[in-house]
Amino acid sequence: MANIVIVGAQWGDEGKGKIVDLLTQFADAVVRFQGGDNAGHTVYLGKEKFVFHIIPSGILYEGKKCIIGNGVVIDPGTLITEITGLKKRGYLKDDSQLMISEEAHLILPYHRRIDTARERVFKIGTTGRGIGPAYEDKVARSGIRMGDLIDEKIFRKKLDANLTQKNSYLVQVLKEEGFEFEKIHDEFVQFRSQLGKYVKDTAREIHEEILKGKHILFEGAQGALLDVDHGTYPYVTASNTVAANACVGSGIGPTLIDSVVGIAKAYTTRVGEGPFPTELHDTLGDMIRQKGQEFGATTGRPRRCGWFDAVVVKHAVRINGIQGMVITKMDVLNDLDKLKVCVGYRLNGRRIDYVPSNIEAFQSVEAVYEELEGWKTEIKGAKSLSDLPANAQRYLRRVEELIGTKIVMVSVGSERNETLGVQNPFASPRSRT
Ligand code: GDP
Ligand code: IMO
Ligand code: MG
């Protein structure tokens, strides 16, 4: 029995979807615990591509439970599109495979409009999916939950109370159009009829699975530096992306988590605004973007690209308690003569080796690099870590030293079998007392 949390160790898009799909073969259930359809988790089965926004990336395995926990914010329209898309392709044949927490909050159309309108002033570079405004309502205790949607009387009452306030905020403050009650109501009644069967007390379901000795994977969305507390605030998402939130966002206690695995790319990317000390603004950055196909899985925006930043990943290791790191997209660096790794920063002439919590300070740091030799060989076909060219192994060893955590797997392509060092992570979990 073991429960493992998988989290992004940079600014998102590290390849969490690929790794969660791969490790689901060893698990019994996969749980999403935060974020919403701002996430885009890509999985390839051969040439077939899937992008999951809300549904856990374990859904392609028949019989493995996929649970959307209470910490997720749900846009029911997007979720239904995902469900129907999967069913059309022959997956999710058994509806009992998917569960949605009755405590998960809904994203309503006004959340999206508030999100995009506020972007004009605050310029975070959000995905425009209404994530921030939905979490705000949750904390303000005015949010509408999945369980509320199921009950017509409660839904009507809550929607009415919310809409009065949202319309006045949209029209008077943001100079946007408001919404008609009946239009939203009728659309959501449709959603209710399609989603009702999946809505459960998932915290209890998860606990029961744990008591039965099942293996559970907790699938993080976004990445450490997008964490609302420990990331590059305010250029972050609106939830805690760190591993500790797997407990809060699914309803289990911290003593039930056995280990935390981080995912990091062999270089760095970021979508949206905010500091990025190792960003490449030159043709090399363009080359990485093209070779790595670095375009947002949710919004299609080009991702900003740069060198691997060991300071950022070490920060992720600390705030998540990461015990093993998976390095993805090594193959993207195949053609480079020399590689740089950021080993520290210079701040006002002083050398530091941590991410400063003050955003102005972080914005002004200058990356200090170490240069390593490239491997200049195609590594896509490699079958084991020892197959990798010496310079690729050297690169990984240096990264391992700098981040202070063992590299447990290396990904050299987007498909399941293009992964080196795969082992059953549930086989030897840290023991629990
Ligand atoms: P996530 O949000 O962390 O799940 O990551 P995304 O799916 O947004 O972005 C990762 C992208 O990299 C996807 O298109 C994956 O198919 C792809 N990918 C994952 N691992 C590798 C790898 O090792 N090599 C290459 N070339 N692509 C990869
Ligand atoms: P996955 O799970 C990369 C970024 C947005 C923006 C900031 C706030 O696929 O790794 P939001 O819409 O959440 O309020 O936007 O967070 N962002 C992501 N960047 N991957 C993601 O998810 C992201 N989800 C949000 O680009 O900078
Ligand atoms: Mg993504």
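For this chain, numbers begin at 1 and follow the sequence in order. One-based numbering, in listed order, for ligands and for the atoms of each.
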Is the closest N or O pair between [X] and ligand 2 shorter than 3.5 Å?
| X | value |
| --- | --- |
| K16 | yes |
| Q222 | yes |
| R129 | no |
| T126 | no |
| E273 | no |

Which residue supplies the protein heavy atom nearest to [atom], what is that atom called, and how far is it?
| atom | answer |
| --- | --- |
| atom 15 (C) of ligand 1 | T42 CB, 4.0 Å |
| atom 10 (C) of ligand 1 | D13 O, 3.7 Å |
| atom 26 (N) of ligand 1 | D331 OD2, 2.8 Å |
| atom 4 (O) of ligand 1 | G17 N, 2.8 Å |
| atom 2 (O) of ligand 1 | G40 O, 2.9 Å |

Using a distance-only test with no angle check, is there a side-chain donor-acceptor pair under 3.5 angstrom linking [X] and [Y]?
| X | Y | result |
| --- | --- | --- |
| K18 | S411 | yes |
| S384 | S386 | yes |
| D115 | T126 | yes |
| Q34 | N240 | no |
| R129 | T127 | no |

Determine, using heavy atoms of G413 and all atoms of ligand 1, whether some pair is separated by less than 4.0 Å.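 So G413 counts as touching ligand 1.
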Is there a heavy atom in E415 that sits closer than 4.0 Å to ligand 1?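 Heavy atoms of E415 never come under 4.0 Å of ligand 1.
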Given that the side chain starts at C-beta and the backbone is N, CA, C, O, which of these parts of R301 lies under 4.0 Å from ligand 2, counting heavy atoms, or is it both or neither?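 R301 to ligand 2: side-chain contact only, backbone stays beyond 4.0 Å.
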Mind checking whether Y235 contacts ligand 2 via backbone (N, CA, C, O), side chain (CB onward), both or neither, at a 4.0 Å heavy-atom cut-off?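 Looking at Y235 and ligand 2, no heavy atom falls under 4.0 Å.
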Stepwise side chain to side chain donor-acceptor pair (under 3.5 Å) test for S239 and N245: CA-CA 9 Å; S239 65; N245 200 25; 5.2 Å; no
Would R318 count as a cation-pi partner of Y354, with NZ or CZ less than 6.0 Å from the six-membered ring centre and within 45° of the ring normal?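 So R318 doesn't make the cation-pi contact.
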Answer yes or no for R416 and Y61: cation-pi contact, defined as NZ/CZ to six-membered ring centre under 6.0 Å and angle to ring axis within 45°.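 Yes, R416 and Y61 form such a contact.
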Verify whether the ring centers belonging to Y169 and Y110 lie closer than 6.0 Å.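 When the ring centroids of Y169 and Y110 are compared, they turn out to be at least 6.0 Å apart.
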Checking contacts here: is it the side chain or the backbone of R303 that comes within 4.0 Å of ligand 1, counting heavy atoms only? Could be both or neither.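 Just the side chain.
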Restricting to N, O or S atoms, which atom of D13 is closest to the Mg ion (ligand 3)?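 The closest N, O or S atom of D13 to the Mg ion (ligand 3) is OD1.
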Out of all atoms in ligand 1, which are within 4.0 Å of some heavy atom of G15? Include the element for each.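 Selected atoms, number and element: 1 (P), 3 (O), 4 (O), 5 (O).
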Return yes when at least one N/O/S atom of G296 is nearer than 2.8 Å to the Mg ion (ligand 3), and no when none is.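 Short answer: no, not a single N, O or S atom is under the cut-off.
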Within the 4.0 Å heavy-atom shell around I124, which atoms of ligand 2 are there?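 In order of numbering, the contacting atoms are 27 (O).
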Within ligand 2, which atoms have a heavy atom of H41 less than 4.0 Å away?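 In order of numbering, the contacting atoms are 1 (P), 2 (O), 9 (O).
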Taking atom 18 (C) of ligand 2 as the point of reference, which of V236, T269, L226, V271 owns the nearest heavy atom?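 Nearest heavy atom to atom 18 (C) of ligand 2 lies in L226.
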Minimum distance, heavy atoms only, to atom 17 (C) of ligand 1: which one of K329, K380, K18 is it?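 Nearest option to atom 17 (C) of ligand 1, by heavy atoms: K329.
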Side chain to side chain donor-acceptor pair (under 3.5 Å) between D137 and H105, intermediate numbers included: CA-CA 9 Å; D137 281 1; H105 280 248; over 6 Å; no
So for atom NZ, which belongs to K65, do other residues, nucleotides or ligands contribute more than 12 heavy atoms lying within a distance under 6.0 Å?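 No, NZ of K65 has 12 or fewer neighbouring heavy atoms, counting only those of other groups under 6.0 Å.
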